[in-house]
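Beneath this line is the structure, given in C-alpha cells, with notes to follow.
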Protein chains: 2
Amino acid sequence: MSGRVHGIGVGPGDPELLTLKALRLLREAAVVAYPATEDGESLAREIVAPHLPGGQREIPIPIPIQGGPFPDEGVYDRAAEQVLAAVAEGAAVVVLCEGDPFFYGSFLYLYARLADRCEVAVVPGVSSLMACAAVLGAPLAARNDALSVLPATLDETVLRRRIEAADAVALIKVGRHLAKVRGVLEDLGLAEGALYIERATMTTERVLPLDQAPAPAPYFSMVLVHRRGEAWR
Amino acid sequence: MSGRVHGIGVGPGDPELLTLKALRLLREAAVVAYPATEDGESLAREIVAPHLPGGQREIPIPIPIQGGPFPDEGVYDRAAEQVLAAVAEGAAVVVLCEGDPFFYGSFLYLYARLADRCEVAVVPGVSSLMACAAVLGAPLAARNDALSVLPATLDETVLRRRIEAADAVALIKVGRHLAKVRGVLEDLGLAEGALYIERATMTTERVLPLDQAPAPAPYFSMVLVHRRGEAWR
C-alpha cells in the first residue's frame, strides 16, 4: 500500500475561495501539512479551518519569518522526510499552500524534494494576483498587454527598468519595500494610478491610496499599475 | 428592489476547480450570462453545467471566434443592456468567466459597461496560468523572479525582447502563433526547456514536447519557460 501527496492551493484568505477539489482532498486526507511560524501559527491552516473534518494528523512546517531571509534548507529536508514517512504508511497527505502552490510559494522547495520520491499532484488555487485585482475592481491585463509580476525585493534600478518595459505590473512581496516602490512609481509618473491593497479577501483586508499605504506594509500586500490607466482602454 | 451582478471565475476547465463562493452564487442566481460562440456553444457554461440548479434564465453573449479579431463592441453594449434590464427587475445575475474574470478575459468589456451603472462584484477564479503550471508540474516563479505573461499575438521582435528580459515566461493565446513562438525560443536557446500544454484540466488536455506541438495550436494552449530551467534553483 502506498500513499500520495497533493499540494493544494487554498486561495488568498477567504475560506469560500477554496475549490471543490481542494475541499474534497482535504476531507479525504489522513495527514495535513502546512507552513507555520515558529510559534505554530499558520495562515494556510486558518483558511481551511472551517472545512477540516477533525481527526487528521498534522505536520506544521516551521518557516522562518515571511519577508525575512530565505529559510535554512534543512526545514524542507525535515518536512520532506515526515511527509515521505506518512506516504510510506499509505497515508493520503495534503500540503496546504496559501494562494496557488506554484506562484512564489514556499511549497515548491518541498515539491523539489518530493517529486522524484513519491507521487505528488498539484491542485491550483485562486492566486492573490487575481484576488487583489478582483477586490480592487481593476482588470489585470487585456488583449496584447504584457503583464509583469515583480517582487518588490528587486533592486531599485532593476525594478524601474522592468516597470518601464511592462504594460501592466503587479508588485508583490511589498512589505518593507513599500517606500522604494512608491519612489519608483512617483519618478515614472505612475503613482497616481497605482492601487494598493493588503490582505485581499481576508477579514483584515484594506484598500488605501498609495500615498497613505503604511511603510513598511504587511507581507501580504500588493501594488497594481496599468500604464494605460485601465486594461480595457 | 434592485438586483446585483457577480462576475465569477469558473476556473480553467475541470468543474471541480470551481470555488465554493462561485458555486453558492451560481445556485442563488436567477439569471446566468456567459460568453458563447455564434452557434451558442459555451465553454464557461459547460464547466458549470454539473452545478446548474436548473430554472435559471440564460443570457448567452455571442463573442466572435476566439483568437480572431477583437469583437464588435456592440456585442458588449447589447449584453450590458440585457444584464441591466435583469438587475432592474431585481434579479441576482451571475456572469460566467472562463478562468479568472480579470486575467485577459472578455468579461472586462462587459465590466467596463456595467461598473458605473449597477453593483458589480468580481469573484476571482483559478486561472489557466496556475492550472497549466500545476498540470505540468512546473512552478511558475520563486523568490526574486520576474514573471512575464506575454500574449503570443505580439510582434516577433517585441516578443523576443520581452522573453530575453524575463526570468520566467508564460506565453498565452498561442493558437496560430505557435510557429513564431517556437522560432523565437529556438533562437534564444530556450526551446528545449519550454513546456507546451493545451486545454489544461479539461478532459481533452494534452502535454507535448514543444517540437511536436501542433501549428496552429488550439486557442487554449500555453508555453511555459523558465530561464534557469527550474524556478527553485
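Just so it is clear: chains get the letters A, B, ... in the order the sequence lines come, proteins before strands, and each one is counted from 1. Predicted model only: the values in this text are computed from it and were never measured.
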(Q) Quick check on the interface: out of A165(A), A152(A), G137(A), who has the most heavy-atom pairs with chain B under 4.5 Å? (A) G137(A)
Less than 3.5 Å apart, which donor and acceptor atoms pair up between the side chains of residues 3-20 of chain B and the rest of the protein, not counting sequence neighbours?
{"from": "R4(B)", "atom 1": "NH1", "to": "E119(B)", "atom 2": "OE2", "distance (Å)": "3.4"}
{"from": "R4(B)", "atom 1": "NH2", "to": "E119(B)", "atom 2": "OE2", "distance (Å)": "3.2"}
{"from": "D14(B)", "atom 1": "OD1", "to": "E16(B)", "atom 2": "N", "distance (Å)": "2.8"}
{"from": "E16(B)", "atom 1": "OE1", "to": "R24(A)", "atom 2": "NH2", "distance (Å)": "3.1"}
{"from": "E16(B)", "atom 1": "OE2", "to": "R24(A)", "atom 2": "NE", "distance (Å)": "2.5"}
{"from": "E16(B)", "atom 1": "OE2", "to": "R24(A)", "atom 2": "NH2", "distance (Å)": "3.4"}
{"from": "T19(B)", "atom 1": "OG1", "to": "A22(B)", "atom 2": "N", "distance (Å)": "3.0"}

Q. What are the two closest heavy atoms between A134(B) and P124(A), and how far apart are they?
A. CB-CD, 3.7 Å
Q: Against chain A, work out which of S148(B), A112(B), G105(B) has the most heavy-atom pairs shorter than 4.5 Å and name it.
A: A112(B)
Q) Among A133(B), A170(B), S106(B), which residue forms the greatest number of heavy-atom pairs with chain A at distances under 4.5 Å? A) A133(B)
Q: Check each atom of Y111(B) against the heavy atoms of chain A and say whether the ones under 4.5 Å are side chain, backbone, both or neither.
A: side chain
Q.
To the nearest 0.5 Å, what is the distance between CG on L147(A) and CD1 on I172(B)?
A. 8.5 Å
Q: Quick one: pull up CG in L129(A) and CG in L129(B) and give me the separation to the nearest 0.5 Å.
A: 7.5 Å
Q) What are the two closest heavy atoms between Y109(B) and R143(A), and how far apart are they? A) OH-NE, 2.8 Å
Q. Taking all atoms of both residues into account, what is the closest heavy-atom pair of D145(A) and P151(B), and its distance?
A. O-CD, 3.0 Å
Q) What are the two closest heavy atoms between G125(A) and V126(B), and how far apart are they? A) C-CG2, 3.8 Å
(Q) For R228(A), is the CZ atom crowded, meaning more than 12 foreign heavy atoms sit under 6.0 Å from it? (A) yes
Q | E198(B): side-chain hydrogen bond (donor to acceptor under 3.5 Å, both in side chains) partners, not counting sequence neighbours | A | Y196(B), R206(B)
Q. When rounded to the nearest 0.5 angstrom, what distance separates CG in N144(A) from NZ in K173(B)?
A. 6.0 Å
(Q) If I take atom CG from residue L140(B) and atom CZ from residue F103(A), how far apart are they, to the nearest 0.5 angstrom? (A) 7.5 Å
Q) At a heavy-atom separation under 4.5 Å, does A138(B) approach chain A through its side chain, its backbone, both, or neither? A) backbone
Q) Which answer fits L23(B), side chain, backbone, both or neither, if we ask what part of it has an atom under 4.5 Å from a heavy atom of chain A? A) side chain
